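None of the values given here were measured: they were computed from a predicted structure. Note on naming: letters A, B, ... go to the chains in the order of the sequence lines (proteins, then strands), and numbering restarts at 1 for each one.
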Number of protein chains: 2
Amino acid sequence: MFFTKSYKTNRLETVLDEPLSRSNDHQPKERLLDAAEELFAAKGFGEVSVRELAAAADVNVAAVNYHFQGKENLFQEVISRRFSIQRDRTLQGLQSLLDQTEGRPQVEQVIQVMVSEYLDGALSNSFLTMITREMHGGKGGTHVEFFKQMVAPVFAAISKALIAARPSLKQEDLNWVIASIVGQIHHFILRRIKCKSCQDMPEALEIMLKAFPALALDQDEYVRLTTNHIARFSTAAIDGMYPEEN
Amino acid sequence: MFFTKSYKTNRLETVLDEPLSRSNDHQPKERLLDAAEELFAAKGFGEVSVRELAAAADVNVAAVNYHFQGKENLFQEVISRRFSIQRDRTLQGLQSLLDQTEGRPQVEQVIQVMVSEYLDGALSNSFLTMITREMHGGKGGTHVEFFKQMVAPVFAAISKALIAARPSLKQEDLNWVIASIVGQIHHFILRRIKCKSCQDMPEALEIMLKAFPALALDQDEYVRLTTNHIARFSTAAIDGMYPEEN
DNA sequence: ACAGAATTCAAACACTTGTTTAATATTGAT
DNA sequence: ATCAATATTAAACAAGTGTTTGAATTCTGT
């Protein structure tokens with residue numbers, strides 16, 4: 001259901017390579033995908049109307065159904081074109097870390113890779129915003145495929161890398177440790193996004209910045225500091241709970 | 001806007017003491033509040049229709065507007081009656097910890113109180129589910145009051161308690177540390193909720209349980225284990241990053 | 001330049017949304 | 001018991017939803 005390429009003319013490959021810029025010299029179908037990605041991420045699936053999508057993409061309302069056979073399918077197309085890119089970036093980042101360190105990376109390095117890939121991907125395009133949102137809300141059934149194809153492989157790769165870094169970590173421990181790291185990542189992502197959406201509400205913005213000044217930084221700096229914090233925090237935790245055995 | 005008691009006959013005090021049972025021997029207004037709390041938590045504000053609410057509460061559709069002057073107000077009433085209870089539980093838990101330890105608690109104790117109150121509250125009634133959901137999604141503007149009245153005092157109390165436990169922690173550090181802890185809490189809550197909502201989808205359920213077996217436990221046990229993990233993980237992190245100075 | 005397919009469009013579709021109405025029923029104080 | 005205030009009801013409301021239609025337009029291969 002997730003990967004049903006409902007394109008009439010199958011151009012999935014080229015679509016995946018699109019820079020996804022906000023310029024509107026694309027074809028209507030691409031414009032719709034771009035607009036949808038942005039709107040779904042900003043407001044959630046249920047809060048975006050087809051007419052709103054059409055207006056944002058500057059196409060006719062019927063275009064949604066002509067090109068995607070419905071709003072739901074458009075949503076899934078939006079996800080599936082970003083989805084695998086993000087996963088592959090993380091997998092490849094972890095792999096190249098293992099290569100560079102001859103299979104014995106530092107714990108902090110593993111977490112650093114995992115966090116920075118995730119954060120950067122989540123904040124620079126709105127894909128992971130959507131994922132996070134739909135993981136938390138959503139109908140439920142949609143996520144099975146997502147879990148199998150996105151979460152599971154990444155989870156496995158992280159487990160492998162962490163065990164390579166700290167052999168005293170057992171699989172059961174990893175379930176908890178990785179959950180703690182992922183929880184932090186999501187929280188720092190959502191905080192940032194929330195802050196962005198309050199940009200035009202001075203009162204709300206002021207409160208958020210007071211509670212968390214780092215939100216005022218530009219994105220690169222935010223990613224850098226946050227990655228650093230999560231990696232140090234989590235590494236310290238792992239060092240404390242599962243010290244190296246010699 | 002958050003605390004506008006739009007009751008015709010003001011019975012806010014008694015409402016706050018209601019056990020919120022699922023029995024329907026309440027008055028229609030209470031039944032609506034109960035049904036709304038459950039449905040909003042399960043599906044989100046936008047995904048629940050007024051007719052659905054009315055049916056669940058076994059009242060007429062018009063009752064929503066008669067008693068609450070609109071769906072939005074009902075939502076805010078639902079929040080505001082649970083809202084302060086949860087906050088006060090945490091504040092009071094932290095205070096009594098400080099009392100018992102003569103102002104010098106252990107870091108792990110502070111986190112333990114904070115996490116267990118939050119987890120227990122979030123999982124036994126659906127209030128915090130709603131909050132979490134609306135924090136992540138939602139319009140944005142609604143949250144200002146919530147932030148001021150709920151988040152800010154709790155944040156301040158936790159900061160105070162953590163500094164009492166580990167004076168080497170500075171306010172700037174606390175912004176990051178507390179965020180890391182809260183992120184973990186939210187993640188373990190949402191995981192649990194997600195799992196509940198997959199109860200009738202064997203395939204999805206199996207995947208989730210395989211990735212995280214603790215989700216199969218009953219709630220008390222889940223809260224216990226999770227509280228324990230987060231407290232140990234975070235304490236180890238704090239010990240590593242901000243050791244006691246002697 | 002033409003025919004045929006693919007696309008775009010305004011309009012309408014059937015349906016759901018939150019809210020209101022006006023009539024009816026219930027309640028509670030005198 | 002009475003009467004006004006309160007509460008509940010079925011029905012209707014206007015506005016918005018996702019989707020479909022069929023004619024008009026643009027594109028494409030010959």
> Would you say B:Q219 has more than 12 foreign heavy atoms packed within less than 6.0 Å of its CD?
yes
> Let me have a per-nucleotide readout for nucleotides 9-19 of chain C, 5' to 3', with B, S or -, counting only protein heavy atoms under 4.0 Å.
BB-B----BBB
> Round to the nearest Å and state the distance from A:F68 atom CZ to D:dT20 atom P.
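It is 15 Å, rounded to the nearest whole Å.
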> Quickly work out the B:Y66 OH to C:dA23 C1' distance and round it to whole Å.
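Atom OH in B:Y66 sits about 15 Å away from atom C1' in C:dA23.
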> If you take the centroid of each ring, where Trp contributes its six-membered ring, are B:H186 and A:H187 closer together than 6.0 Å?
yes
> Rounding to a whole Å, what distance do you find between A:L39:CG and D:dG18:C1'?
16 Å
> Name all residues meeting the salt bridge (charged side-chain N to carboxylate O under 4.0 Å, His left out) criterion together with B:R224; count only those two or more places apart in sequence or in a different chain, and write none if there are none.
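Once residues adjacent in sequence are excluded, the partners of B:R224 under the salt bridge (charged side-chain N to carboxylate O under 4.0 Å, His left out) criterion are B:E221.
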> Do A:K71 and A:F40 meet the cation-pi criteria used here (NZ or CZ under 6.0 Å from the six-membered ring centre, within 45° of the axis)?
no
> Roughly, in whole Å, what's the span from CD in B:E30 to P in D:dT8?
11 Å
> Looking only at side-chain N and O atoms, does B:S180 offer a donor or acceptor that is under 3.5 Å from a partner on A:Q184?
yes
> Any side-chain N or O of A:H67 under 4.0 Å from OP1/OP2 of C:dA6?
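For A:H67, the contact criterion (side-chain N or O under 4.0 Å from OP1 or OP2 of C:dA6) is not met.
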> Take A:I79 and A:F75 through the test side-chain contact (heavy atoms from CB on, under 4.5 Å) and record every step on the way to the result.
CA-CA 6 Å; A:I79 289 194; A:F75 180 67; 3.6 Å; yes
